[in-house]
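See below for the structure under consideration.
Below, read A as the first sequence line, B as the second, and so on, with proteins coming before strands; counting in each chain starts at 1.
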Amino acid sequence: MIAFLAKRLLQALVVMLVLSLIGFAIQDNLGDPLREMVGQSVSEQEREALKDKLGLNDPFLEQYWRFLKKAVKGDLGTSYFFKEPALEVILKKLPATLELVFGATLIIVFLSIPLGVYAAIKPNSFFTKAIMGFSIIGISVPVFLTAIMLVYIFAIELNWMPSFGRGEVVHIMGYWETGFLTWDGLLHLVLPSIALASIMLPLFIRLIRSEMLEVLHAEYVRFAWAKGLAKYRVWFIHALKNTLLPVVTVGGVQIGTMVAYTILTETVFQWPGMGFMFLEAINRADIPLIQAYLIVVGLIFVITNTIVDLIYGLIDPTVNVAGGSK
Amino acid sequence: MKRGVTLLASVALAATMSFAAAAKTLKMAYDADPVSLDPHEQLSGGTLQLSHMIFDPLVRWNKDLKVEGRLAERWERIDDKTVRFFLHKGVKFHSGNELTALDVKWTFNRLRTSPDFKAIFAPFDAVKVVDKYTVDLVTAEPYPLTLNAATYIFPMDSKFYTGFDGNNKSKDALVKHGNSYASTHASGTGAFIVEKREQGVRVDFKRFDQYWDKKSPGNVKQIVLTPIKEAPTRVAALLSGDVDFIAPVPPTDLDRIKKDPKVDLVTLSGTRIITFQLNQQRVEAFKNPKVRQAIVYAINNEGIAKKIMRGFATTAAQQSPKGYSGFNPNLKPRYDLKKAKQLMKEAGHEKGFSVTMMAPNNRYVNDAKIAQAVASMLAKINIKVDLKTMPKAQYWAEFDKRAADIMMIGWHSDTEDSANFTEFLLMCPDKETGFGQYNSGNYCNPAVDKLVIASGKETNSEKRAAMLQKVEQMLYDDAAFVPLHWQDLAWAAKKNVKIEPILNVMNFPYLGDLVIE
């Protein structure tokens, strides 16, 4: 296990280094941050002077080296727009994003399991066909369209839900402010969570259904039927348990993907998280913030993947995580 | 039954009561929030909008583009070079300090060190304190635009900004990017105090109870500003009742908002001109005025304003919008394809030629679509256009390099004056003086330059207007550039929020005077 972790750590370091290099290399293509910082009538000389001050005129390697030296110490630069350390800006925005992802995950877990199981148990019922048809639509409609439709129906036409933002939040600790503890905050979470869940939900319903179908045809399930066990016991204890194994691992990886999908959801709902912040940073050519975001998101991916691998090993002992002599 | 009625009545009463209480709070959504609380850090619409809320200027523009007094009760021109301002007495800053002529002088001197504002105050020589409530602005040469510049003087509380902050930095430090005292703390004379600010997420304002302007009808006690970048979200927030006031309204939603009985839409013809410049240095044919005229004739800018901008633009034939001193009423949009073909023939380019074109795709309203339309219109006179559009962050670097034969540029005059357009966009480019900094067409006409420079010293406003109108005529005859339109402005608010009287073409709503019924 320790050998596995060490290997994983080394891999992670290489990944992060490559990511930082890519993040740094694209900065010249992101455009000129100065134009966002100064008025239209500021002369070229003034702009050049500012560029010098920001170190943007130095050779690429010199800038990269300076960046790396600071990054090792946890300093990922200062955001041009927020005027605060980029890492701090991201950490302040992270709770909002994680809560959104959590809200979406709850929806996915509580809907995909019963629906997926039902679709497997009653493959030919009308309701199953409806679920499957709906999930095809769900997969093919882009998130921002789902989001805009939701706002249109539930916020504008029916006026049941707020249309944007996080609503009332309660401060817990550090940078963490939560919307889960107030009614207003919970209301604000509903639509964005549904929008974000909409991409993953159909995927999970289909995944659970197909896994479940397979398991239901397995020998041990037939044996359970033969023993005369109650049907609910067979479905939910014997079959479902084995269905969920692969689902958990896929789910872990998908959470990372979901963090990336928050960019679209957060933009439509003006959700003050890091996805929305990232899109804004690109518009403003806020280079330090863009680089810091890439690194933080890269880190999240690396960490979730590592944890998923570990869990996989724990749930299913036949998988050899150490990759060695066992 | 009786009980039901009283219950209903009390519910209705409670509803109206809470409505009355809530009416004092304005929830508004703009497309962006100001980058800083320091009014001198960046010259932008966002900064000016904020300055009008928390600082208040010496004088300000009214709806008809005339100057009206604010902190300056009145003013008089003493000679060609000097304008004297008389301040209101007893005006308090948020800190409790009293506004005096010294604050005006202090603010003026700080403005001149700001990279963004420097250019506006370059013609000034000195500011002289006459007495506690009187101050003179003096220019080096006779200067007609002293009042225009004075609209940018938002007196800051010199005592409040003197000394050192917790990081041992001077409180008056003007830092372009970075956390300075002035960018996070403010004390002005304006109607609102910043209570809480989370950049990019929300700004909370409360009304300053010692606000000097007792005559102002404004009754808004609290303002919550939420920046909402995405236009559909902003509109949804208004239509769903989550906010009371939004700006700008995107052209695509104008009809929907107009039809909604719960909200009011206000539109005004704006002052930002959208144009194309034809680079004479890169393309030999563009040196021929006939070719340039042919291009202007070939482009149906009225059609663009109608179809692409959905009527949300005012077709232009010149740079100066109506109300500016240089606006020349004789100039009319030219669209005549036959004439365009004729001119191309006369210029010997009947068979046409190929050019490159660049335009931003997220800077001006529908910029990329306009560029595509123009490219297809030019095809009709056999000019083949290779068009490239890109985000503004990349576009400006290309613009500086003059990287294409035809480039799009929009311009709003910082001085609300006609000469500014020509100075930046069409005067002969000169690195020394800074003239023609945005002249990617490399158009150069010494006669135009001479007139514009002379207008900068003419303090007789009638004579000056005649000069600037002549400039517009010369540029028109020369087809120095391709005028498209002025972008219109639009705001929308709930019916009980009376925004119409407080809006203006500069797009800084005077929220201190806002009445909510």
Side chain / backbone / both / neither for A:Tyr152 at chain B, heavy atoms under 4.5 Å: side chain

Side chain, backbone, both or neither of B:Val201 within contact of chain A (heavy atoms, under 4.5 Å): side chain

Segment of B:Lys392 engaging chain A (4.5 angstrom heavy-atom cut-off): side chain

Segment of B:Tyr395 engaging chain A (4.5 angstrom heavy-atom cut-off): neither

Heavy-atom proximity to chain A below 4.5 Å, by part of B:Pro115: both

Interface moiety of B:Asn420 toward chain A, non-hydrogen atoms closer than 4.5 Å: neither

Between CD on residue B:Gln199 and CD on residue A:Glu84, distance to nearest 0.5 Å: 8.0 Å

Non-hydrogen side-chain atoms of A:Phe81 and B:Val35 separated by less than 4.5 Å: yes

Rounded distance [0.5 Å steps], CG in A:Leu279 versus NZ in B:Lys229: 9.5 Å

Top contributor to chain A contacts, counting heavy-atom pairs under 4.5 Å, from B:Arg234, B:Met390, B:Gln42: B:Gln42

From B:Thr184 atom OG1 to A:Lys83 atom NZ, the distance as rounded to the nearest 0.5 Å: 9.0 Å

Donor-acceptor contact present, side-chain B:Glu230 to main-chain A:Gln270, <3.5 Å: no

Region of A:Glu280 that comes under 4.5 Å of a non-hydrogen atom in chain B: side chain

Proximal component of A:Val268, with respect to chain B [non-hydrogen, under 4.5 Å]: both

A:Phe180 CZ: over 12 foreign heavy atoms closer than 6.0 Å: yes

Leading residue by heavy atom contact count with chain B [cutoff under 4.5 Å; candidates A:Gly165, A:Ala155, A:Ala285]: A:Ala155

Top contributor to chain A contacts, counting heavy-atom pairs under 4.5 Å, from B:Leu239, B:Leu43, B:Ile228: B:Ile228

Any A:Pro272 side-chain heavy atom under 4.5 Å of B:Glu198 side chain: no

Closest-packed option against chain B by number of heavy-atom pairs under 4.5 Å, given A:Ile282, A:Leu50, A:Ile148, A:Val89: A:Leu50

A:Arg166, part contacting chain B, at a heavy-atom distance under 4.5 Å: neither

Closest non-hydrogen atom pair between B:Gly200 and A:Phe276, with its separation: O-CE2, 4.5 Å

Side chain / backbone / both / neither for A:Thr267 at chain B, heavy atoms under 4.5 Å: both

Expected output: side-chain B:Ser240 to main-chain A:Asn159 donor-acceptor under 3.5 Å: no

